[in-house]
Amino acid sequence: MDVTRRTDYAIRIMLALARAGAGPLSVRDLAERQGVPYAFARSIQRDLVSAGLVVSRRGAQGGILLARPADAITLLDVVEAIQGRVSCAVCVSDPAWCDRMGGCSVHRVWQEVDRLTSEYLGGKSLASLLG
């Protein structure tokens, strides 16, 4: 599994929102402070809103804020909102992709890698990373 630049930016944005607390922050300000191109940040915002991780508010005092407490949002939530299901091998996420299914001894290894990766990322809340 590769963590894309888009995912890295999303994590930066989410951590900034977690640090900010209760009030909304403008996407423009977040983008500038986190070194994320504005158009990219807007696109990431849409994905985070769709995933239910952030709430968007319009108006002069608008912006985005976390949809739930920082200790209830994990790195896995953010990664999957941006990249989709975490998987190290195509055969795990799409069994029809491989014609060796059922007879491949390595498939179980990839399944375990995916499980451990998801478990690890799922155990890291935004709050735990604010240190």
Side-chain angles (χ1 to χ4, degrees):
M1 177 193 114
D2 288 339
V3 174
T4 65
R5 181 181 307 247
R6 181 180 177 79
T7 299
D8 180 61
Y9 287 163
I11 291 168
R12 285 195 228 170
I13 288 169
M14 293 294 286
L15 287 171
L17 290 171
R19 276 188 201 94
L25 297 176
S26 84
V27 175
R28 186 170 302 282
D29 288 344
L30 279 166
E32 287 175 11
R33 285 192 249 159
Q34 298 305 315
V36 178
Y38 177 68
F40 215 1
R42 293 279 300 172
S43 174
I44 290 167
Q45 170 200 351
R46 284 189 290 279
D47 289 345
L48 295 173
V49 168
S50 292
L53 299 179
V54 300
V55 176
S56 180
R57 295 208 177 134
R58 295 185 183 268
Q61 301 300 316
I64 59 174
L65 63 153
L66 296 180
R68 52 187 194 259
D71 62 354
I73 299 173
T74 67
L75 281 182
L76 182 64
D77 295 329
V78 180
V79 170
E80 288 186 339
I82 303 301
Q83 289 187 210
R85 183 174 173 261
V86 170
S87 187
C88 71
V90 177
C91 67
V92 177
S93 58
D94 181 9
W97 180 83
C98 183
D99 61 355
R100 300 188 69 205
M101 288 305 290
C104 179
S105 60
V106 180
H107 181 74
R108 288 187 307 276
V109 173
W110 300 146
Q111 286 177 311
E112 183 67 2
V113 169
D114 284 4
R115 186 189 69 73
L116 291 169
T117 302
S118 292
E119 184 179 298
Y120 184 77
L121 293 175
K124 300 294 178 189
S125 71
L126 295 179
S128 73
L129 298 171
L130 294 178

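For clarity, every value in this text was computed on a predicted model and none was experimentally measured.
Closest of all the heavy-atom pairs between Gly52 and Arg68 is O-NH1, 3.7 Å. Looking at every heavy atom in both residues, Ser125 comes nearest to Ala70 through CB-O, 3.7 Å. Closest non-hydrogen pair, Ala41 versus Val27, comes out as CB-CG1, 3.8 Å. Between Leu25 and Ala16, the shortest heavy-atom distance links the atoms CD1-O, 4.1 Å. Between Ala18 and Leu66 the shortest heavy-atom distance is CA-CD1, 3.7 Å.
Annotation: ring pair (Phe, Tyr, Trp, His ring centres under 6.0 Å) contacts involving residues 40-64, sequence neighbours excluded, comprise Tyr9-Phe40. Within the structure, every pair that satisfies the side chain to side chain donor-acceptor pair (under 3.5 Å) test and touches residues 10-22, not counting sequence neighbours, is listed here: Asp8-Arg12.
With sequence neighbours left out, Glu80 forms a side chain to side chain contact (heavy atoms under 4.5 Å, CB included) with Leu76, Arg85, Val86.
Hydrophobic cluster membership differs between Leu116 and Val109, with clusters built from Ile, Leu, Val, Met, Phe, Trp and Tyr side chains linked at under 4.5 angstrom. In terms of hydrophobic clustering, with Ile, Leu, Val, Met, Phe, Trp and Tyr side chains grouped at heavy-atom distances under 4.5 Å, Ile13 and Leu65 are assigned to different clusters. Two different hydrophobic clusters hold Leu15 and Val55 under the rule that ILVMFWY side chains link at heavy-atom gaps under 4.5 Å.
The CE atom of Met14 sits 4.5 Å away from atom CG of Leu53, with the distance rounded to the nearest 0.5 Å. With rounding to the nearest 0.5 Å, the separation of CZ in Arg115 from OG in Ser87 is 14.0 Å. Between the CD atom in Gln45 and the OG atom in Ser26 there is a gap of 10.0 Å [rounded to 0.5 Å]. For the atom pair CG of Leu75 and NZ of Lys124, the computed distance is 8.5 Å after rounding to the nearest 0.5 Å. A distance of 11.0 Å separates CD in Gln34 from CD1 in Ile44, rounded to the nearest 0.5 Å.
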Apply side chain to side chain contact (heavy atoms under 4.5 Å, CB included) to residues Thr74 and Leu121 and explain how you reach the verdict. CA-CA 7 Å; Thr74 67; Leu121 293 175; over 6 Å; no
Please assess Leu129 against Ile11 for the test side chain to side chain contact (heavy atoms under 4.5 Å, CB included), listing each intermediate value before the final yes or no. CA-CA 10 Å; Leu129 298 171; Ile11 291 168; 5.6 Å; no
Quick one, Ile64 with Leu30, criterion side chain to side chain contact (heavy atoms under 4.5 Å, CB included). Give me CA distance, side-chain angles, the key distance, then yes/no. CA-CA 9 Å; Ile64 59 174; Leu30 279 166; 3.7 Å; yes
Please test Asp47 against Arg6 for side chain to side chain contact (heavy atoms under 4.5 Å, CB included), starting from the C-alpha separation and ending with a verdict. CA-CA 11 Å; Asp47 289 345; Arg6 181 180 177 79; 2.4 Å; yes
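Looking at Asp114, its side chain does come within 3.5 Å of a backbone N or O of Cys88 through a donor-acceptor pair.
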